[in-house]
2 protein chains.
Amino acid sequence: MDKLQLDNQLCFKLYALSRKVIAVYRPILEALDITYPQYLVLLVLWEVKSITVKDLGARLYLDSGTLTPLLKRLEQKGILDRQRDMEDERSVVITLKPAGKDLLQNAKKIPETLGSCISLGQKEYQQLKGQLDSLLAQLTIDQS
Amino acid sequence: MDKLQLDNQLCFKLYALSRKVIAVYRPILEALDITYPQYLVLLVLWEVKSITVKDLGARLYLDSGTLTPLLKRLEQKGILDRQRDMEDERSVVITLKPAGKDLLQNAKKIPETLGSCISLGQKEYQQLKGQLDSLLAQLTIDQS
DNA sequence: ATTATTTTAATTTTGCACAATTAAATTGTG
DNA sequence: CACAATTTAATTGTGCAAAATTAAAATAAT
């Protein structure tokens, strides 16, 4: 097997599939007027309400160079607030605003909608998730 | 199970892992002075030597808005040529130059280097590849 | 306490991604 | 042939990603 052949490259498939799945999300998220990375930020904020940029980045594996402009766009839309932590002025704390909380209702049906676009048996789903988790964990040891 | 929880999102794991693996490639490709998407273009060109932008995009699932500037950068480095097809002036044909061909020697050891960074059994590897292939095929039916 | 180190987010720069539009050339139709 | 429809790559504009630098503030060391 020629490992330099495109078809044999696991990473290429991962990269291509990741973009394809995000493309499936795109028209669905367009109804909420948000992008996929913005949706990920909201998934976290719907769970915790308030979080620093640093902690948000740790959960999404994204750095401030990516998050800061993204969060500013969400701030301009009135979805969240950005403010310095009083106790540690180096940190910026993100807080969900009512408009952002309201989006949760419209998002509730997204997982189901997506499931109907991508047919994947329960067993295969769990298996794939497990393998992705395992690889992700393997590549995440070095940065605390 | 709350399907709106970040940890339960298959797509997020796919997206995060894809970026993580590309991050593993980054220092390795830096030695060749190319990026990961540029490496993918070269993988195709090492196979076929010459190809139109359209066909290249079909193989990589990328459009001309992404490829045109990327190919211009590789052209400036002397790695490839871009020229209109004589027989159909709408098409642009990409041709590998000697400098690009030479890079193949330095790239030969990349799959092995990567394999040492990511430990994945032969069985799990084949299984994962199969699942990614299957999902990719499922999401690629609609565009010829 | 003073100074050095570390932590943190912003800023800057480069390079993808992709939607939408434009422009040019080919193909299809009458 | 003429002319509309289609195909194609380039262009334009917006939004990520991530490395490198900067600046500010907290923490640690002496």
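In what follows, chains carry the letters A, B, and so on, assigned in the order in which the sequence lines appear, proteins first and then strands, with residues in each chain numbered from 1. Reckoned from all heavy atoms, side chains included, excluding hydrogens, waters and symmetry mates.
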Exercise. Does B/E89 pair with B/R84 as a salt bridge, N-O distance under 4.0 Å?
Worked result: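 Looking at B/R84 together with B/E89, the answer is no, because their closest N to O distance does not fall below 4.0 Å.
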Exercise. Any Lys/Arg nitrogen of A/E47 or A/R59 sitting under 4.0 Å from an Asp/Glu carboxylate oxygen of the other?
Worked result: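 Yes, charged N to carboxylate O under 4.0 Å.
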Any side-chain N or O of [X] less than 4.0 Å from the OP1 or OP2 oxygen of [N]?
X	N	result
A/R73	D/dC16	yes
B/T68	D/dA10	yes
B/K72	D/dA9	no

How long is the line joining [atom1] of [X] and [atom2] of [N], in whole Å?
X	N	atom1	atom2	value
B/I22	D/dA18	CD1	P	8 Å
B/F12	D/dC16	CZ	C1'	15 Å
A/L56	C/dA10	CG	P	12 Å
B/L74	C/dT14	CG	C1'	14 Å
B/D55	D/dT7	CG	P	15 Å
B/L70	D/dA9	CG	P	15 Å
B/Y25	D/dA17	OH	C1'	19 Å
B/E87	C/dT27	CD	C1'	16 Å

The side chain of [X] is closest to which nucleotide in this list: [options]?
X	options	value
A/S91	D/dT8, C/dT8, C/dC16	C/dT8
B/L62	D/dC16, C/dA10, C/dC18	C/dC18
A/V92	C/dC18, C/dA10, D/dT8	C/dA10
B/R90	D/dA17, C/dT26, C/dA9	C/dT26
A/T52	D/dA19, C/dT8, C/dA9	C/dA9

Distance-only, no hydrogens or angles: does the [X] side chain make a donor-acceptor pair with backbone N or O of [Y] under 3.5 Å?
X	Y	result
B/K129	B/E124	no
B/T52	B/D55	yes
A/W46	A/L96	no
A/S134	A/G130	no
B/T68	B/G65	no

Problem set entry | Given DNA chain D, 5'-ward residue of the pair B/L67 and A/D63, judged by closest heavy atom | B/L67
Exercise. Quick one: CG on B/D81 to CG on B/L71, what's the gap to the nearest 0.5 Å?
Worked result: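 One finds 11.5 Å between CG of B/D81 and CG of B/L71.
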Problem set entry | DNA chain C-proximal residues of residues 77-85 of chain A, any heavy atom under 4.0 Å | A/R82, A/R84
Exercise. When you measure from every atom of DNA chain C, which of residues 28-46 of chain A have a heavy atom less than 4.0 Å away?
Worked result: none
For this session: Identify whether any heavy atom of A/S64 sits under 4.0 Å from a base atom; if not, whether one sits that close to sugar-phosphate; answer base, sugar-phosphate or nothing.
Result: base
For this session: Would you please indicate yes or no on a ring centroid separation below 6.0 angstrom for A/Y61 and B/Y15?
Result: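 Distance test on ring centres: not under 6.0 Å, no.
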For this session: Look at the side-chain heavy atoms of Ile, Leu, Val, Met, Phe, Trp and Tyr, link any pair under 4.5 Å apart, and say whether A/I22 and A/L40 land in one connected group.
Result: yes
Exercise. Applying a 3.5 Å limit to both distances, which nucleotide forms a Watson-Crick or G-U wobble pair with C/dG30?
Worked result: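 Result: D/dC1.
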